[in-house]
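Structure, as structure tokens:
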Amino acid sequence: MGELEDAVMTRVWKWNRPVTVREVLEDLQQERSIAYTTVMTVLDNLHQKGWVRREAEGRAYRYEAVSTRAAYAAALMNDAWSQSDNPAAALVAFFGMMSDEQRQALRDAVRIVQGPESAQDTGSAETAAVPEAESPESAAPPERSGGNAEGKPGGNRGENPAEMRGGKNPTSAEDRTGR
């Protein structure tokens with residue numbers, strides 16, 4: 001996602017409701033000089049990429065995020081991790097870059113994914129969840145119990161726009177016809 005696309009999506013995610021080009025434009029204009037048609041083009045591009053869905057309202061559209069920012073970040077991390085020729089080593093390097101607060105957030109997230117029964121099985125989810133990333137073996141990812149039916153990180157509607165790069169997500173008649 002480009003810088004301007006990110007600025008637009010940040011607003012769509014933050015407001016968490018269908019938005020118009022005009023609303024996004026007025027907010028963006030507080031930071032930069034930008035034309036209505038530029039914002040309209042960016043939102044159309046985001047729609048074509050599957051990041052937002054749109055509904056006609058009169059002669060304009062209202063745009064709504066297909067997925068959450070958290071799902072977007074997770075998809076980016078998954079994308080980068082899956083491109084590694086040594087995923088365990090990539091995780092070790094990633095863990096090594098994390099602050100103490102980030103490692104604690106990761107422990108908390110793993111605890112949520114594993115559920116309470118895992119903490120009882122291992123004795124302590126705190127120590128079992130995220131080792132101090134000493135070796136590739138200790139950095140293996142936990143089993144996933146979340147996500148959508150295919151095991152992919154899901155957005156708020158079970159869709160993963162990062163997986164749709166380079167093409168449309170024909171989920172509606174509007175998308176299939178281009179109107």
Side-chain angles (χ1 to χ4, degrees), residues 1-85 87 90-91 93-94 97-99 101-102 105-106 108-110 112-113 141-142 144-179:
M1 189 178 302
E3 186 268 329
L4 187 53
E5 288 175 326
D6 184 66
V8 169
M9 282 305 300
T10 294
R11 283 151 178 84
V12 174
W13 281 318
K14 181 175 76 173
W15 296 335
N16 196 28
R17 62 174 172 76
V19 300
T20 64
V21 171
R22 175 82 46 209
E23 290 172 313
V24 175
L25 170 72
E26 289 172 358
D27 199 59
L28 281 171
Q29 284 178 330
Q30 296 175 22
E31 299 173 3
R32 64 178 88 194
S33 176
I34 190 165
Y36 181 94
T37 54
T38 302
V39 177
M40 185 172 61
T41 299
V42 170
L43 279 163
D44 185 60
N45 289 342
L46 289 165
H47 176 256
Q48 297 299 320
K49 292 178 179 183
W51 288 104
V52 295
R53 67 174 48 92
R54 66 185 181 194
E55 296 225 2
E57 185 176 281
R59 292 178 32 186
Y61 288 108
R62 283 204 173 265
Y63 295 87
E64 183 178 16
V66 168
S67 188
T68 63
R69 182 177 276 286
Y72 170 66
L76 287 176
M77 289 186 284
N78 187 55
D79 222 20
W81 186 51
S82 66
Q83 292 178 25
S84 173
D85 59 346
L91 283 173
F94 181 60
M97 294 178 203
M98 296 174 114
S99 68
E101 293 81 19
Q102 289 170 322
L106 180 60
D108 294 343
V110 168
I112 290 167
V113 170
R144 296 177 58 79
S145 61
N148 63 19
E150 291 130 4
K152 297 176 185 170
N156 56 359
R157 290 174 184 83
E159 299 170 12
N160 185 353
E163 302 257 331
M164 294 183 258
R165 278 192 208 123
K168 292 183 181 182
N169 178 20
T171 57
S172 69
E174 174 190 331
D175 292 333
R176 289 189 294 276
T177 62
R179 286 181 260 159

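FYI, the numbering just counts along the sequence from 1.
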How close do [X] and [Y] get, heavy atom to heavy atom, and via which atoms?
X	Y	value
P87	W81	O-NE1, 2.9 Å
W13	T68	NE1-C, 3.5 Å
R53	V66	N-CG2, 3.7 Å

Could you give the distance from [atom1] ([X]) to [atom2] ([Y]), rounded to the nearest 0.5 Å?
X	Y	atom1	atom2	value
R32	T38	CZ	OG1	10.5 Å
K49	M1	NZ	CE	7.5 Å
L25	Q29	CG	CD	4.0 Å
T10	L28	OG1	CG	9.5 Å

Task: E23 vs R17, side-chain contact (heavy atoms from CB on, under 4.5 Å): CA-CA, chis, key distance, verdict - done: CA-CA 11 Å; E23 290 172 313; R17 62 174 172 76; 3.2 Å; yes

Using side-chain heavy atoms (C-beta onward) and a distance below 4.5 Å, is [X] in contact with [Y]?
X	Y	value
V12	W51	no
M77	F94	yes
L43	V39	yes
K14	M9	no

Task: Step-by-step side-chain contact (heavy atoms from CB on, under 4.5 Å) determination, V19 to E64 - done: CA-CA 6 Å; V19 300; E64 183 178 16; over 6 Å; no

Task: Test item: S82 side-chain N/O and D79 main-chain N/O as donor-acceptor pair under 3.5 Å - done: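 Yes, the answer is positive, given that a donor and an acceptor are paired below the 3.5 Å cut-off.
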
Task: Under 3.5 Å donor-acceptor, E5 side chain and G2 backbone - done: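 A pair under 3.5 Å: yes.
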
TODO: Take R62 and E55, measure what salt bridge (charged side-chain N to carboxylate O under 4.0 Å, His left out) needs, and give me the verdict at the end.
DONE: CA-CA 5 Å; R62 283 204 173 265; E55 296 225 2; over 6 Å; no

Open item on the list: Could you tell me if R54 sits above the aromatic ring of Y63, with its cationic atom closer than 6.0 Å to the ring centre and no more than 45 degrees from the axis?
Closed with: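 The answer is no; the distance or angle limit is not met.
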
TODO: Please determine if R11 and E31 form a salt bridge, counting it only when a charged side-chain N lies under 4.0 Å from a carboxylate O.
DONE: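 Yes, R11 and E31 are salt-bridged.
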
TODO: Using a strict cut-off of less than 4.0 Å between a Lys/Arg side-chain nitrogen and an Asp/Glu carboxylate oxygen, indicate whether R69 and D6 qualify as a salt bridge.
DONE: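 Counted as a salt bridge, because a side-chain N and a carboxylate O are separated by less than 4.0 Å.
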
Task: Trace of the side-chain contact (heavy atoms from CB on, under 4.5 Å) decision for L4 with I34 - done: CA-CA 10 Å; L4 187 53; I34 190 165; 3.8 Å; yes

- [ ] Show your reasoning for whether side-chain contact (heavy atoms from CB on, under 4.5 Å) applies to Y61 and V21.
- [x] CA-CA 8 Å; Y61 288 108; V21 171; over 6 Å; no

